[in-house]
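In what follows, chains carry the letters A, B, and so on, assigned in the order in which the sequence lines appear, proteins first and then strands, with residues in each chain numbered from 1.
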Amino acid sequence: DTEVTQTPKHLVMGMTNKKSLKCEQHMGHRAMYWYKQKAKKPPELMFVYSYEKLSINESVPSRFSPECPNSSLLNLHLHALQPEDSALYLCASSQESWETQYFGPGTRLLVL
Amino acid sequence: AQSVSQHNHHVILSEAASLELGCNYSYGGTVNLFWYVQYPGQHLQLLLKYFSGDPLVKGIKGFEAEFIKSKFSFNLRKPSVQWSDTAEYFCAVKGGGADGLTFGKGTHLIIQP
């Protein structure tokens, strides 16, 4: 089973709201990732967690705050977002950081 | 920094035609190479990957790709496409460290019945 689940599927939020995206995998993978995908564009890496520690932050604005509470769960906390942050947010996981990544279905975010 | 270039952004083929999608990458060290597919309304799925060994790799649904190190290329092929192959195809590269994937801009493939 190579399933990564993400909730919610869709999210609409105002610029003053605080919300969180959730990603879960039960494959025993030790690396987890957040990507952002704008319409008709490729996914762009935001964060990498390896063994529950943040190993890469691709210069993402502080209004995005990742959290890895345990090896199966990855959150992305959102605060004071801008309309240009509207996108599909993808989570992925891999057995180790150098191995194949498996993607979840994404959360489609609209910021009004 | 690594980069990936996909030559064709839109490709339209008829069913049973042969397919080749180009991918070139730029990276100074050892790379792992991937092709992902995104069917309409679905999430990214792995088609195939190359880490080492035989440069001709076979993936799901009859796809294959050839790694040519001297050309920094990893082109995707399928001898006979089907209508269900209509999708967005992404080539991606990953270095050997704890980093993420770098994707090409994607190729939107439309198969006409």
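Proximity to chain A (any heavy atom under 4.5 Å) is restricted, for Gln38(B), to the side chain, taken from C-beta onward. Of the two parts of Glu58(A), neither the backbone nor the side chain holds a non-hydrogen atom closer than 4.5 Å to a non-hydrogen atom of chain B. In this structure, chain A has a heavy atom under 4.5 Å from the side chain of Leu46(B), while its backbone stays farther away.
Between Phe51(B) and Phe67(B), the distance separating the two ring centers is not shorter than 6.0 angstrom. Checked against the 6.0 Å centroid threshold, Phe103(A) and Tyr35(A) count as a close aromatic pair.
Classification of the His108(B)-His10(B) ring pair by plane angle, with boundaries at 30° and 60°, yields perpendicular. Relative ring orientation between Phe103(B) and Phe90(B) is described as perpendicular, the plane-to-plane angle rising above 60° on a 0-90° scale split at 30° and 60°.
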